[in-house]
Structures are given as structure tokens and as C-alpha cells.
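First the structure, in the form of C-alpha cells, and then the observations on it.
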Protein chains: 2
Amino acid sequence: MTDGSAGHRPTERADLAAMIGPLGKALMNDELPILQRHGLSMWAYAVLSTLDRTPLRTQAALAQAIGADKTRIIATLDDLQDRGLIQREPDPEDRRARLLGLTAAGERLRDAAKRDIQRGEDENWLAHLPDDERDTFLRALATLAARARPDRDEP
Amino acid sequence: MTDGSAGHRPTERADLAAMIGPLGKALMNDELPILQRHGLSMWAYAVLSTLDRTPLRTQAALAQAIGADKTRIIATLDDLQDRGLIQREPDPEDRRARLLGLTAAGERLRDAAKRDIQRGEDENWLAHLPDDERDTFLRALATLAARARPDRDEP
DNA sequence: ACAATCAATAAGCAGATGCATACGGTAAGC
DNA sequence: GCTTACCGTATGCATCTGCTTATTGATTGT
């Protein structure tokens, strides 16, 4: 009686973290060369994605939204601004803060990068799910991801 | 007309990586205190989980299975061996390699940790999915995770 | 006006990670 | 026997991450 039939049944499923962790790493590895082709770092792409069309009022809010340290995204923002991809000007109503938003060029680049990334994800990953699982998987994943956003405290 | 109704529709869904990455991080953060309570690091737990009951013949194979550098798991293996949680002896048929396996104590500790971890995952994450999405999500996730395992080259 | 507060920025530190090199012990081919 | 290749191990390096402290300019409350 080693195990596996009638024991204490230690494992019905693998740990979520044990599945999602490596999966995330693999997705990042797929994504990296695509982003490089567009001249973007992972953080830069996270900034462009978050700054979608809704401008943020402070850099600290942006940093928190992408789960980064606020002192670490400054160089990324400098670069994006120098390249004309983001707007970043002092808020006239509170000149301590910097209003952040995408420029038209930033939006174009973001859309192009996102299109390439999602095409890769579709082909390399989602295409290997049965048709009747794909939508449910994406819906459930979106639910859990919303719960994981660093800007809320688990209700 | 800001966005969202009739534009070029740049985003039907969020990037998989953008959802799975932060979700993995959140899961790790939940897991860390549980592992600490059992006296295990993340790598140590990965070792115990992988060494389940199927012994491996080389440390390099173990390192690859958990996606770690083979030179970096040595300290972890030393510690686990000192604590009597794993078996690690030279293969009599090829004394370069070390046969790796769990001891009974290692198996007990692994089961206890896994039980606590999965209970936390059930309560904090899976319980917030609709009943009819949960199983499908887990099945699809397992499919993708199997595809992400570092020991295979995408077929 | 003055003190306390806040945002952005700069700088530093401990730890982890990926990557590369080097060395001793072991095995296998010739 | 000798060369070559492989495993475990030790070590170093460049980078990234989370975290902390300090400075400067701007705002707010009293």
C-alpha cells in the first residue's frame, strides 16, 4: 500500500501557484522578443498598457497600478517621454503631480505591440485549449486577475 | 467618443501575461507565509513537490524540472538532506549522479504544506469563481501549465 | 508666515536570479 | 592508458527587485 488508491489522497490538483508561476514565466519569455522588436521593455509596455487612454494624475498611482516601485519607473518614464510616447506635465492644479497620458504615437505603438503579443498568445497558447474551454478560461482568469490587482485590498 | 464603442477596438481582452503575471505574484505572496510556517523556502517546497514519490536520478534533472539553475539548488538540497526530508545518495551504477527521493518525513511535511496552501487557494481565489467556471478553469490551466513546463520543447 | 505634508527624484542596500567559468571525481570510447 | 564528456560543486558577475532614506519643490492648514 504505497499510495494512490485509498490513502489520505494528498493531491487532487496541482497548486495554483505551481501552475501559474511557470506559465507566467513562459508567457513573459514569449513576450520579451516581441517587445524588443518594438523597442519596449517590459516595464515600458506595462506603462503604455496602463496609460491606455485614461490619464493618471500621479506617477505613484501609475507605479502602484503596474505593481512597480515608484522610484524604479522614473527612468522608464523619462525614456518614454523623450521618445514622444507619453505625455508628462505638471498638473496646473497641483504642480507637485505629473499628469500622465499617452500620445498618439504612444497609442499606435502600444496597439501594434499588443496586437503582436496577443497574436502570439493566441497561437502558442490559447489555440491549444479545446474550443469549449477557452472562453470560460479567459473569463475566470479575468476574474482572478482583477482580484490580484495591487490597488485593492481583498474584500 | 473616448473609446469603447465603435473605434478600432484595440483590446478585446487583456494580455494573458498581464493577467497571469500579477496573479502569480499574488499567489506567491499568499503562499510565502504558509511555507515559512512549515520552515520551507519556495525552492525547498518546489523540490519536495517535484520529488513527490518519483525519485530522480540527477540533480540537473530536478533543477530543470523546477525551472531553477542547477548550481543554485545545491544549498537547498543540502538543507533538506540535513533535515532528513530528502534522500540523496550516489547512484551505485553511475557514481557521478545522485539519486534523489523523499523520505517519509519529507512526504509528511510536503503533504501538510500542500494542504495548507491549497486550502488558502480555495478560500482566497477559487471560491470567488462561479461554480460552473471553476472546473473548466482548472482543466484549462492544467493544459497550459503542462505546455509551459521547462522540460519540453513546444510541439 | 510657518510648519507639516506630499510628489517626484536620487541614491543605496540586501537578496535573488540568470549566466558563465572552473575544478575534482567519474564514466565511457578508443 | 588516455582523451573526452558528464555530474556535482564552488565561485563570481551583472542585473533586477523590494525596501529605505534623503533632498527638493509645491501645497495645505493654522
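Proteins come first, then strands; the chains are lettered A, B, ... in the order of their sequence lines, and each starts at number 1.
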Q: Please work out which residues in residues 85-96 of chain A have a non-hydrogen atom less than 4.0 Å from an atom of DNA chain D and list them by number.
A: A:Asp94, A:Arg95, A:Arg96

Q | Most 5' of B:Leu100 and B:Arg72 on DNA chain D, judged by nearest nucleotide | A | B:Leu100

Q: Take atom CG of A:Asp69 and atom P of C:dC13, then tell me their distance rounded to the nearest Å.
A: 16 Å

Q. So, the side chain of B:Arg98 versus the backbone of B:Arg88: is there a donor-acceptor pair under 3.5 Å, distance only?
A. no

(Q) Using whole Å, what does the distance between atom C1' of nucleotide D:dT9 and atom CG of B:Asp78 come to? (A) 9 Å

**Q.** Whole-Å distance separating the CG atom of A:Leu32 from the P atom of D:dT15
**A.** 15 Å

Q: Give a yes/no on whether any side-chain N or O of A:Lys25 is located under 4.0 angstrom from OP1 or OP2 of C:dG18.
A: yes

Q) Which atom pair, heavy atoms only, marks the closest approach of A:Met19 to B:Ala145? A) CB-CB, 3.6 Å

Q. Do A:Arg13 and B:Asp122 pass the side chain to side chain contact (heavy atoms under 4.5 Å, CB included) test, and can you show the C-alpha distance, the side-chain angles, and the key distance before you say yes or no?
A. CA-CA 11 Å; A:Arg13 55 162 242 256; B:Asp122 287 342; 2.8 Å; yes

(Q) Contact between A:Leu102 and A:Ile86 at the side-chain level, heavy atoms closer than 4.5 Å - yes or no? (A) yes

Q. Would you say the side chain of B:Arg98 and the base of C:dG25 hold a donor-acceptor pair, judged only by whether the two atoms sit under 3.5 Å apart?
A. no

Q | A:Thr71 side-chain proximity, nearest of C:dA7, C:dC19, C:dT9 | A | C:dT9

Q: Using whole Å, report how far CE of A:Met28 lies from P of D:dC16.
A: 15 Å

Q: Could you tell me whether A:Thr58 contacts a base, only the sugar-phosphate backbone, or nothing, with contacts defined as non-hydrogen atoms closer than 4.0 Å?
A: sugar-phosphate

Q: Output the distance between atom OH (A:Tyr45) and atom CZ (A:Arg110), rounded to the nearest 0.5 Å.
A: 7.0 Å

Q: Nearest whole angstrom, please: distance from the P of C:dG18 to the CD of B:Gln64.
A: 14 Å

Q | Exercise: identify the closest heavy-atom pair between B:Ile20 and A:Leu23 | A | CD1-CD2, 3.7 Å

Q.
Checking contacts here: which listed nucleotide (C:dA10, D:dT9, C:dG18) is nearest the side-chain heavy atoms of A:Ile74?
A. C:dA10

Q: Grab the CD-P distance between A:Gln81 and C:dT9 for me, whole Å please.
A: 9 Å

Q) Taking OP1 and OP2 of D:dC16, is either one under 4.0 Å from a side-chain nitrogen or oxygen of A:Trp43? A) no

Q) What integer distance in Å separates B:Leu99:CG from D:dG8:C1'? A) 13 Å

Q.
What I'd like to find out is whether the side chain of A:Met28 reaches to under 4.5 Å of the side chain of A:Lys25, using heavy atoms alone.
A. no

**Q.** Presence of B:Gln59 side-chain N/O under 4.0 Å of D:dC7 phosphate oxygens OP1/OP2
**A.** no

Q. Once you round it to whole Å, what is the distance between P of D:dT17 and CD1 of A:Ile73?
A. 13 Å

